[in-house]
There are 2 protein chains.
Amino acid sequence: MTELQHASTDCTQTRSRLLEAARVVFSQHGFQRATVREICALADANVAAVNYHFGSKEELFSQALNFNRLKALQAASIDPDINPEARLRLFVRDFMLILLDEQHASSQCRMMARELADPTPVLDKIVHEAIAPLHAFVGRLLGQIVIAPIEEATLKRYVYSLFGQCLFYRNSHPVLQRLNPDLSYDIAQIEAIAQHISDFTLAALNAKIPD
Amino acid sequence: MTELQHASTDCTQTRSRLLEAARVVFSQHGFQRATVREICALADANVAAVNYHFGSKEELFSQALNFNRLKALQAASIDPDINPEARLRLFVRDFMLILLDEQHASSQCRMMARELADPTPVLDKIVHEAIAPLHAFVGRLLGQIVIAPIEEATLKRYVYSLFGQCLFYRNSHPVLQRLNPDLSYDIAQIEAIAQHISDFTLAALNAKIPD
DNA sequence: TAACATATCAAACACTTGTTTGAAAGTAAA
DNA sequence: TTTACTTTCAAACAAGTGTTTGATATGTTA
């Protein structure tokens, strides 16, 4: 059986069930805490299935990663007919939906966010294929908003300030949950958060102009 | 031997060596990945020492926590003789030094920051004793800067925006390291980061006034 | 010194983890 | 059907983990 057949015929049912289960479990517990046994249980497969189909837990994680949604996000915020400020608002809104909306079936991206603070061997791939382009994209976007010429290093700090605000809601979620116990995000709340971040960031950027 | 003696006599040498080693190892690897064996090796003690002196790894972690530095930070930024904006700048500077300066012997605080995204049984204690007061403190500070009356929820989002920017440099450190491989922070760089965050935040807050 | 509590240690325990194995079941072509 | 190959499975493996144990040292007190 060739590679191509291996990837398309229905003998891959278990394989794709594993991938989907992996995304759920990894995004919930992170690479380290997620166990092969839990993934296999969710996929209704034998414990040995992961190593048979993927070779290792790490390779399963790597193949479960999917950056399509992040790429689509950038494509959607690139329309030249709308001004940069509005494009930023669109971007932040979609980004926060990816990060926070559990219904949004974007566990492929959420499983990524968990690993940023806790290096796994796959982090190099994540940074190279997803984060670096994303930072470059946001850098260009912010560069169009701040009209005055600014140094590359300064622009970088703006990018960090924006991502810092966004990622806080995901990274510090366990803390926020304890600070107000009835926390849960519906779409309206996520959009409100996104609007705050956009307002806050745009206000800071625009105030830079007079300098 | 009473409890009091137990805490003061020199028979506690091993005990305090364990506490110090725990702070180093926990702040480096986090609670989950840190191993009792590594802590004991660093403390030059037997593996059984942790359970003999503390009962469990978790209790060792709990006792190794120390919020004094965070409390001192708040006390230093409360001087009423300087205006709120300058107090904010002081706070952010000290906070970033705690978060980023490896020399600064503040591993007690850094070991805390690692756990925020990855709940351990001790997170409740951390949130209750350290983070909640810290958020409240920064909330009051920001409230003095934004003169116009704002809702409690809005103020909260300002606090999140500030902490998000600060914590980003710690939480996303593995990512930043890969984005520019020659990354390392000396005091001047940390102060530059702190200044950016303060500038960015104050610009955003001041721009809010006309609304 | 003798008796006693405390502290240290090597070894083992109990458990979880990712992974491997070898047999059984399923599938498709000859 | 027979043959060859793929997939599944229960069981075991190997390594790492926090913890416990029982003996041995150490220090204190009577």
Side-chain angles (χ1 to χ4, degrees), chain A residues 1-26 28-64 111 114-115 118-122, chain B residues 1-23 25-26 28-64 111 115 118-122:
Chain A
M1 185 178 265
T2 70
E3 269 299 309
L4 220 160
Q5 284 173 322
H6 192 271
S8 58
T9 50
D10 63 346
C11 76
T12 60
Q13 280 181 348
T14 301
R15 193 186 152 90
S16 43
R17 261 186 294 127
L18 279 174
L19 280 172
E20 195 42 47
R23 295 194 181 101
V24 173
V25 177
F26 279 136
Q28 201 167 2
H29 303 308
F31 177 78
Q32 176 88 2
R33 289 166 102 110
T35 70
V36 170
R37 280 171 174 79
E38 182 177 354
I39 293 172
C40 290
L42 186 62
D44 205 23
N46 187 273
V47 221
V50 162
N51 293 277
Y52 177 76
H53 286 284
F54 298 94
S56 69
K57 177 190 181 186
E58 188 182 315
E59 184 59 26
L60 169 62
F61 182 87
S62 179
Q63 296 205 26
M111 68 180 269
R114 285 196 115 282
E115 307 310 316
D118 192 25
T120 65
V122 197
Chain B
M1 185 178 264
T2 69
E3 270 298 309
L4 221 159
Q5 285 174 320
H6 191 270
S8 59
T9 50
D10 63 347
C11 76
T12 62
Q13 280 181 347
T14 301
R15 191 186 153 91
S16 42
R17 262 185 294 127
L18 280 174
L19 280 173
E20 195 42 46
R23 294 192 182 105
V25 177
F26 279 137
Q28 201 166 4
H29 303 307
F31 177 78
Q32 176 88 3
R33 290 166 101 112
T35 70
V36 171
R37 281 171 175 79
E38 182 178 354
I39 294 171
C40 289
L42 186 63
D44 206 22
N46 187 272
V47 222
V50 162
N51 293 278
Y52 177 77
H53 286 283
F54 298 95
S56 69
K57 177 190 181 186
E58 187 182 316
E59 185 58 25
L60 169 61
F61 182 87
S62 179
Q63 295 205 27
M111 67 180 270
E115 308 310 316
D118 192 25
T120 65
V122 197

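Computed from heavy atoms alone, side chains included, the values below leave out hydrogens, waters and symmetry copies. Below, chains carry the letters A, B, ... as their sequence lines are ordered, and counting in each starts from 1.
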Residues forming a side-chain contact (heavy atoms from CB on, under 4.5 Å) with A/V36, sequence neighbours excluded: A/C40, A/V47, A/V50, A/K57
Listed partners of A/R33 passing salt bridge (Lys or Arg N to Asp or Glu O under 4.0 Å), at least two apart: B/D118
d(CZ, A/R17; P, D/dT7) in whole Å: 13 Å
All side-chain contact (heavy atoms from CB on, under 4.5 Å) counterparts of A/Q63, not counting sequence neighbours: A/R15, A/L19, A/F54, A/E59
Euclidean distance, atom CG of residue A/D44 to atom P of D/dA10 [Å, nearest integer]: 11 Å
Length of the line joining A/F61:CZ and C/dT17:C1', which is rounded to integer Å: 17 Å
Per-nucleotide protein contact string for nucleotides 16-21 of chain D, where B marks a base within reach and S marks sugar-phosphate only (heavy atoms under 4.0 Å, - for neither): -SBBBB
Residues in salt bridge (Lys or Arg N to Asp or Glu O under 4.0 Å) contact with A/E38, at least two apart in sequence or another chain: none
d(CD1, A/I39; P, C/dT16) in whole Å: 18 Å
Partner set under side-chain contact (heavy atoms from CB on, under 4.5 Å) for A/E58, not counting sequence neighbours: A/F31, A/S56, A/P121, A/V122
side-chain N/O B/H53 vs C/dT8 OP1/OP2, d < 4.0 Å: yes
Heavy-atom pair of closest approach, residues B/G30 and B/E115: CA-OE2, 3.3 Å
